[in-house]
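Beneath this line is the structure, given in structure tokens, with notes to follow.
Residue numbers start at 1 and run along the sequence shown. Predicted, not measured: the structure shown is a model, and the values here were computed from it.
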Amino acid sequence: MSEDTERALQTFRALVESADRKFGRVRDVEAYGGGASRQQQQQHAFQKVFKAYTRLWKYQQENRSKLVECGLRRWEIGEIASRIGQLYFGQYTRTSECRFLVEAYVFYEAILSRRYFQGSEPNAKDLGVRSKELRFYARFLLVSVILNRTEMVNHLVERFGALVEDCKSTFRETNFKEWKQVVQEINRFTKVDKGFSFRPLRYCATFDTHRASLPCVARFHAKRVLKFHDALLTSYHRNEVKFAELTLDMYRMIQCLEWEPSGTFYQKHTFKPKENGDTIDHSGASGIIDMNLTADMSDPTIPPNPRKATLYRPSVTHVIAVMATICEELPPDSVVLVYLSASGNAGLNNVSQVENSGGSSKSSRHKVPSQTSHGQNSGLSETQNNGKRERGYYDNYLWFGPKGNSGTNNLYPGDLIPFTRKPLFLIIDSDNSHAFKVLHGAERGETAALFLSPLRPVFKNPSDVNSNSGSQFTFFLTSPLSAFCQMIGVFPNEADTDVYNEAENIIANAFTEWEIILCSSTTMDLVWAQVISDPFLRRLILRFIFCRSVISFFCPPEESEQCLPICLPHLPTSVAPSSQAVRSAIVQLAMHFDVADSFHFTDT
């Protein structure tokens, strides 16, 4: 080995160690907290990490022959590229900017197509290298799932499963139980979500912007307009479908609150594997990989995404702490969307308790008296009302915890009241969601917008629906036609593409009309008027109207109290299920699928 070659190897190792140290400092940094100065420090730290890996990447490219002569192996290059992909994905989770997600995909796809972790026989016998390859596949799968690269996901699932089986046979003394579980998770996740994706879950200008109602939306002007700035998304259910720390419901909500990239920024190409297992590149990602964190990769045709904090199976104190941080850092005239999905009362179905609760066993100090104008009429304070004591703010709850019964795992309606000093858009998806009606009228400064799920789902053929296929209410809010089809027992196939396209048109026409009605209304509550200009929140409102009306006609009248979602404050009666504009759309959709006999249109 020449002196020049040895110097190149030493420099390379030093660069690797320096980059890895910086990587370790920022890998688990929270996306929230610390105020503006703290966030600036974090961003500066990320810039330093990217700069370190940029230097390392360029150095190994420029000195590749010398490093190979010194024994540099392909998996080492793959490990560097994988770390860079991790950094980009970490930036995506902190900022919700899709450009970072796309960059992560570029690096991961390059690793796959160049087979950095495959190739030489010694690697196949090296447990450490195979472990790195397994982690690479898991990370690439997560990125591909979030980007909706369906062909790539299917290919990776197949390769990933084969790799785990190969590792089991090669390293018989090693237990690969955890990796087998990861394979089961991704198979379960993709199976549940397969077949119900008619259109992108992300906000797509082509499908979600209704041209006929655009002028009306543009002219609409409330006394106050709030900007959708932040969202907190969390889910905690036993046996829920998930992959890594991404549950199915959280995945759907994340997609629902992002713009679908358009134009040349993000092209979806068909992915095709070669017969020998290698890949044919159709995305340009297998070319020269160029790192450039500071480059302006934002899509000029769409606004930035709202920032999202996603919490996987958090403790109650963690949920409250993150909410407090987000509210503290919320810019003026902005609104926070909070999505809480969990079972009620220790993970049990408490429909009867919710409906028949007669009072609280807690002392009066646990009651939070209302101090808003709504409080005089809400009857929710600790007083006698017609001889009956009303429910308090700490009688029912959401359960954020494992098996057992501990008050530390209970999230009560009263826990959310302090945060109503800031504008909140609350979505509670639970079999105990109606307990949170008590929030309305108890706010501490800003009336909250409340979407409360049905207490139980309703299906035409319950036995045909996977009990772990995610929440029906969340499904309606994120993919209304798919949720409708699941409810009536219609399972899509490619032969019926025209049928589903026409159904989408029916829903789009209905949403267009409802947008015009809402934006022309003189009775709409300010809570809705101040957020309806935001395309994400407006779409959620329209989908809630659709969900409520579909279920109101579908479920038996005697079960409507348990099966219907609730919104507070109330939306205008002009978009109630019984209104002509809403009813006619649901009738048309039911007739289109020839399932009108499953609905109760004559009873209304």
Side-chain angles (χ1 to χ4, degrees), residues 31 89-90 92-98 100-102 104-105 108 137-154 156-157 160 181-204 208 231-261 266 268 305-314 337-342 427 429-430 453 457 465-483 486 536 539-540 543:
F89 183 72
Y92 162 74
T93 60
R94 293 174 181 87
T95 65
S96 297
E97 294 183 36
C98 276
F100 294 123
L101 189 64
V102 174
Y105 183 93
Y108 287 143
Y137 271 103
R139 290 165 182 153
F140 192 11
L141 269 167
L142 184 59
V143 170
S144 299
V145 165
I146 298 176
L147 266 181
N148 295 320
R149 295 292 184 96
T150 306
E151 294 87 355
M152 178 60 82
V153 169
N154 294 335
L156 291 173
V157 168
F160 186 42
Q181 183 177 348
V182 175
V183 172
Q184 293 171 356
E185 282 185 0
I186 187 60
N187 278 310
R188 188 180 177 206
F189 191 101
T190 54
K191 182 179 179 181
V192 169
D193 199 49
K194 186 177 181 180
F196 278 111
S197 300
F198 304 119
R199 288 180 177 176
L201 295 186
R202 288 187 173 90
Y203 194 103
C204 181
D208 296 304
L232 170 62
L233 312 176
T234 186
S235 175
Y236 201 128
H237 293 277
R238 292 174 57 189
N239 301 321
E240 58 188 331
V241 176
K242 73 177 189 70
F243 176 58
E245 295 187 351
L246 182 68
T247 68
L248 183 62
D249 287 336
M250 286 172 59
Y251 161 77
R252 288 170 174 167
M253 286 301 299
I254 287 171
Q255 300 272 303
C256 179
L257 301 178
E258 291 185 350
W259 292 92
E260 179 74 4
Y266 174 54
K268 286 188 177 182
N305 293 321
R307 193 175 63 158
K308 298 176 291 296
T310 57
L311 307 181
Y312 171 69
R313 299 178 75 84
L337 182 145
V338 178
Y339 168 83
L340 303 174
S341 177
I427 302 176
D429 193 347
S430 171
S453 73
V465 180
N466 187 335
S467 60
N468 294 319
S469 59
S471 159
Q472 184 181 56
F473 183 58
T474 297
F475 207 12
F476 265 107
L477 294 181
T478 57
S479 186
L481 178 58
S482 300
Q486 184 191 62
F536 293 113
R539 187 171 67 161
L540 285 173
R543 289 175 172 180

Any chance you could measure [X], atom [atom1], to [Y], atom [atom2], to the nearest 0.5 Å?
{"X": "Thr310", "Y": "Ile254", "atom1": "OG1", "atom2": "CD1", "value": "5.0 Å"}
{"X": "Lys242", "Y": "Met250", "atom1": "NZ", "atom2": "CE", "value": "11.0 Å"}
{"X": "Leu248", "Y": "Thr474", "atom1": "CG", "atom2": "OG1", "value": "9.0 Å"}
{"X": "Glu240", "Y": "Phe189", "atom1": "CD", "atom2": "CZ", "value": "10.5 Å"}
{"X": "Tyr339", "Y": "Leu232", "atom1": "OH", "atom2": "CG", "value": "11.5 Å"}
{"X": "Leu246", "Y": "Leu141", "atom1": "CG", "atom2": "CG", "value": "12.0 Å"}

Nearest heavy-atom neighbours spanning [X] and [Y]:
{"X": "Gln255", "Y": "Ile146", "answer": "NE2-O, 2.7 Å"}
{"X": "Cys98", "Y": "Arg202", "answer": "SG-NE, 4.2 Å"}
{"X": "Glu260", "Y": "Pro200", "answer": "OE1-CB, 3.8 Å"}
{"X": "Ser96", "Y": "Asn305", "answer": "O-ND2, 2.9 Å"}
{"X": "Ser469", "Y": "Gln486", "answer": "OG-NE2, 3.5 Å"}

Quick check: Phe243 with Tyr251 (ring centres under 6.0 Å apart)? no
Note, Ile186 side chain near Val145 side chain (heavy atom, < 4.5 Å): yes
Under 3.5 Å donor-acceptor, [X] side chain and [Y] backbone:
{"X": "Glu185", "Y": "Ala244", "answer": "yes"}
{"X": "Arg188", "Y": "Gln184", "answer": "no"}
{"X": "Arg313", "Y": "His237", "answer": "yes"}
{"X": "Ser479", "Y": "Phe475", "answer": "no"}

Assess the side chains of Ser235 and Asp249: does a donor N or O sit below 3.5 Å from an acceptor N or O?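 Looking only at side-chain atoms, Asp249 and Ser235 do not form any donor-acceptor pair under 3.5 Å.
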Within 45° of the ring axis of Phe476 and under 6.0 Å from its six-membered ring centre, is that where the NZ or CZ of Arg543 lies? no
Sequence neighbours left out, what passes ring-ring contact (aromatic ring centres under 6.0 Å, His included) with Phe140? Give chain and number order.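 Partners of Phe140 by the ring-ring contact (aromatic ring centres under 6.0 Å, His included) criterion, ordered by chain and then number, come out as Tyr105, Tyr108, Phe136.
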Could you go step by step and tell me if Leu233 and Leu257 meet the side chain to side chain contact (heavy atoms under 4.5 Å, CB included) rule? CA-CA 11 Å; Leu233 312 176; Leu257 301 178; 4.1 Å; yes
In this structure, which one of Ser453, Ser430, Ser341 forms a side-chain contact (heavy atoms from CB on, under 4.5 Å) with Phe473?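 With Phe473 as partner, Ser453, Ser430, Ser341 yield a single side-chain contact (heavy atoms from CB on, under 4.5 Å), made by Ser453.
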Please step through side chain to side chain contact (heavy atoms under 4.5 Å, CB included) for the pair Met253 and Thr478, ending with a clear verdict. CA-CA 6 Å; Met253 286 301 299; Thr478 57; 3.7 Å; yes
If you apply the rule side chain to side chain contact (heavy atoms under 4.5 Å, CB included), what do you find for Leu156 with Ser144, and how did you get there? CA-CA 9 Å; Leu156 291 173; Ser144 299; 3.7 Å; yes
Just jot down the salt bridge (charged side-chain N to carboxylate O under 4.0 Å, His left out) partners of Arg539, sequence neighbours excluded, or say none.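 Salt bridge (charged side-chain N to carboxylate O under 4.0 Å, His left out) check on Arg539 returns Asp208.
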